[in-house]
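See below for the structure under consideration.
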Amino acid sequence: MSLVIAMDGPSGSGKSSASKGVAKALGLRYLDTGAMYRAMTWWMLQAGVPVEDAEAVAARAGEPVLVSGTDPAAPAITVDGTDVSAPIRGREVTNAVSAVSRVPAVRERLVALQREIIGEGGIVVEGRDIGTVVAPDAPVKVYLTASEQARAERRAKDLAADPAASVTVTQAEQARRDRLDSTRKASPLAKAADAHEIDSTEMDLGEVIEAVVRLAKEQE
Ligand code: DC
């Protein structure tokens, strides 16, 4: 049960679908760390905390009770007992999450929770800093990328129900989020030196899952 697969990469690279698929294929648990940052952001917005004010965010970061499910077939996350799986995917949270996730007090709290869940292993963990900070000893590390255009198209498809989410708007918002996530001081998005980079631009989901499963089997 010691297998930990770290899946890092920018938004829209296909991390979530690939991570869930790999977990199902190998009978592992699954942890979406981005959902934890989103849930923290949702709580800050609900509480009326000005999310651009890092001190105000840090002062309240210990308050929400976050519980993350680890079933890849039914990923769930609750905040203070409320299921927030749907609202954390909205544009309001999406556009505020980079401001909240750059705050060190937020990261310290969520990384501690993540390490507790990762525990003895048997899990696929997706995020931005899993291979570099959260689980630097993970035996399998993947850095998943795709062209900016391909990532924006995938995101826009995910947000098809939102009429404001055109490819152009999504691409601009995503570029802004990636810039903030990659340039922040605390654990920025980065490829670990020992991560396998997979460019999924020309790959379908099944091919990405197969490539990661192959890497995991090579570790056995
Ligand atoms: O993967 P996602 O788009 O749901 O992630 C939402 C945000 O959370 C992302 O913009 C950056 C932040 N994040 C992070 O800082 N560290 C992680 N390990 C995962 C996500």
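Just so you know, these numbers come straight off a predicted model, no measurement behind them. Every number for a ligand or one of its atoms is a count from 1 in the order of the listing.
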Which atom pairs, donor and acceptor, lie under 3.5 Å between side-chain atoms of residues 18-27 and protein residues at least two apart or in another chain?
residue	atom	partner	partner atom	Å
S19	OG	K15	O	2.6

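For M36, no heavy-atom contact with ligand 1 is shorter than 4.0 Å. The proximity of R177 to ligand 1, defined as any non-hydrogen pair under 4.0 Å, is limited to the side chain.
Between D129 and ligand 1, an N or O atom pair is found at a separation short of 3.5 Å. Taking only nitrogen or oxygen atoms, main chain and side chain alike, Y37 does not reach within less than 3.5 Å of ligand 1. Polar contact check, E126 against ligand 1: no nitrogen or oxygen pair lies under 3.5 Å apart.
Near S101, with a cut-off below 4.0 Å to any heavy atom, the atoms of ligand 1 are 11 (C), 12 (C), 15 (O). Interface of V97 with ligand 1, defined as ligand atoms under 4.0 Å from a residue heavy atom, comprises 7 (C), 8 (O), 10 (O).
Residue I88 is grouped with residue V49 when hydrophobic side chains (ILVMFWY) are merged at heavy-atom distances under 4.5 angstrom, including chains of intermediate members.
The closest non-hydrogen atom to atom 1 (O) of ligand 1, taken over R38, Q174, R128, comes from R128. Between atom 20 (C) of ligand 1 and the options G34, P10, G9, the minimum heavy-atom separation is to G34. Looking at M7, M40, R107, R102 and measuring to atom 16 (N) of ligand 1, the nearest heavy atom belongs to R107.
For E92, the CD atom sits in a loose shell: 12 or fewer heavy atoms of surrounding residues, nucleotides or ligands are nearer than 6.0 Å.
The nearest protein atom to atom 19 (C) of ligand 1, hydrogens excluded, is given as T33 OG1, 3.4 Å; this is a heavy-atom distance.
Closest of all the heavy-atom pairs between T94 and V97 is O-CG1, 3.3 Å.
Scanning for side-chain hydrogen bond (donor to acceptor under 3.5 Å, both in side chains) contacts around S187 gives an empty result, with sequence neighbours left out.
The existence of a salt bridge linking E173 and R177 is excluded, since no basic side-chain nitrogen approaches an acidic carboxylate oxygen closer than 4.0 Å.
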Query raised in the report: Between D178 and S11, does a side-chain hydrogen bond (donor to acceptor under 3.5 Å, both in side chains) hold up when you go through it step by step?
Result: CA-CA 7 Å; D178 284 342; S11 53; 3.2 Å; yes
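The closest approach between R184 and ligand 1 falls below 4.0 Å for a heavy atom of the residue.
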